[in-house]
Amino acid sequence: MSDSIRPHTIVIKVGSALIAPNGKVDKHHCLPAISHYINQCTLAGSRIVLVSSGSVAAGKYLFTQKTPSAIVKKAMAATGQSEMIATWDSMLSSPCAQLLLTQADLQLNSRYINVKSTIYELLDSGIIPIINENDAVVSEHLEVGDNDNLSAMIAACIHADTLVICTDIDGLFNANPRTNTNATLLKEVDAITPNILDMAGGSDSNVGTGGMITKLQAAQKATDHGIDTFIINGMKPTSFEALLN
Ligand code: GLU
């Protein structure tokens with residue numbers, strides 16, 4: 001399909017804290033509003049690619065280890081991944097497909113082209129690609145490591161128009177809002193300067209792996225490719241109402 005007649009394409013990244021906040025998929029907390037947003041977008045003719053975290057978090061409840069080793073986390077990912085996909089499949093009005101990727105799939109040209117062509121084919125067929133890192137098998141030197149950066153890489157690969165990163169806070173603050181009551185939300189950022197990067201701390205979520213810094217890295221990658229990026233609070237249905245409006 002030529003770029004001029006391509007429908008609006010949105011990559012939406014959903015973090016682990018929204019999918020499995022307590023070591024198990026929670027279908028009732030945040031997922032209804034997120035699914036409603038995706039369903040409304042597809043109904044309006046947009047094409048959606050979902051980058052979903054949560055495999056490790058969703059598989060946790062079946063394992064007894066309090067501090068799981070790397071291999072136990074891989075086993076959790078293998079378990080939780082199927083539960084997470086089944087959940088999306090039951091909540092989205094379009095059929096879903098699963099793609100599990102590693103950094104290598106986005107580095108080697110022939111694989112990169114396959115990733116892009118498969119996603120286009122799925123979108124052309126009205127199917128929502130659901131992407132995650134292949135956590136069950138990936139090794140440290142071959143991983144992207146977080147789904148914020150992965151979602152930006154995918155958005156660039158398929159020439160998406162918009163990247164929406166759903167997290168558990170309202171967006172970028174000038175200080176950590178969990179520890180600093182004076183922190184102010186920056187509603188719009190024109191350029192991601194070193195000063196802006198300094199405002200993001202590390203991950204303080206005990207569920208996912210990212211944090212604001214990986215979201216800003218993702219925003220930088222995406223906006224470098226001309227892709228508008230939104231970092232929104234996926235726990236608040238009003239965030240999705242605002243996006244739809
Ligand atoms: N791929 C990881 C998972 O599904 C999540 C990575 C992230 O939180 O960014 O558990």
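Predicted model only: the values in this text are computed from it and were never measured.
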About how many Å separate CG of L31 and CE of M91, when rounded to the nearest 0.5 Å?
5.0 Å
Do I196 and L186 come within less than 4.5 Å of each other through their side chains, counting heavy atoms only?
yes
Indicate, with yes or no, if M84 and V56 share a hydrophobic cluster defined by side-chain heavy-atom contacts under 4.5 Å among Ile, Leu, Val, Met, Phe, Trp and Tyr.
no
Would you say T9's side chain and P7's backbone share a donor-acceptor pair under 3.5 angstrom?
yes
Salt bridge (Lys or Arg N to Asp or Glu O under 4.0 Å) against D161, all qualifying residues, sequence neighbours excluded:
none
With a 4.5 Å cut-off on side-chain heavy atoms, are H159 and K116 touching?
yes
Between E133 and G145, is there a donor-acceptor pair closer than 3.5 Å when you use the side chain of the first and the backbone of the second?
yes
What is the minimum heavy-atom distance between A17 and M235, and which atoms define it?
O-CE, 3.9 Å
Return the minimal non-hydrogen interatomic distance between F173 and M199, and the atom names on each side.
O-CB, 3.8 Å
Determine whether a donor-acceptor pair (N or O, by modelled atom type, separation under 3.5 Å) exists between the side chain of K74 and the backbone of V138.
yes
So does I158 get a backbone contact from the side chain of Y120, meaning a donor-acceptor N/O pair under 3.5 Å?
yes
Should K13 and D146 count as an ion pair when the cut-off is N to O under 4.0 Å?
no
Mind listing the closest non-hydrogen atom pair of H8 and T162 along with its distance?
NE2-OG1, 2.9 Å
For the atom pair CG (L123) and OG1 (T42), what is the distance rounded to the nearest 0.5 Å?
11.0 Å
Under the side-chain contact (heavy atoms from CB on, under 4.5 Å) test against S52, which residue among L18, N132, I19, T87 passes?
I19
Between the side chains of D105 and T102, does any donor sit under 3.5 Å from an acceptor?
yes
Is it the case that atom CD in E121 sees more than 12 heavy atoms from other parts of the structure closer than 6.0 Å?
no
Pick from N134, D135, T79: which one makes a side-chain hydrogen bond (donor to acceptor under 3.5 Å, both in side chains) with S55?
D135
Please check: side-chain N/O of N180 versus main-chain N/O of N176, any donor-acceptor pairing under 3.5 Å?
no
Exactly one of V51, I119, I130 clears side-chain contact (heavy atoms from CB on, under 4.5 Å) with L99, and that residue is I119
Would the distance check show the side chain of T229 and the main-chain N or O of I227 forming a donor-acceptor pair, the cut-off being under 3.5 Å?
yes
Exercise: identify the closest heavy-atom pair between A136 and A78
CB-CB, 4.0 Å
Decide yes or no on side-chain hydrogen bond (donor to acceptor under 3.5 Å, both in side chains) for S93 and N39, but give the supporting numbers first.
CA-CA 6 Å; S93 53; N39 292 337; 3.0 Å; yes
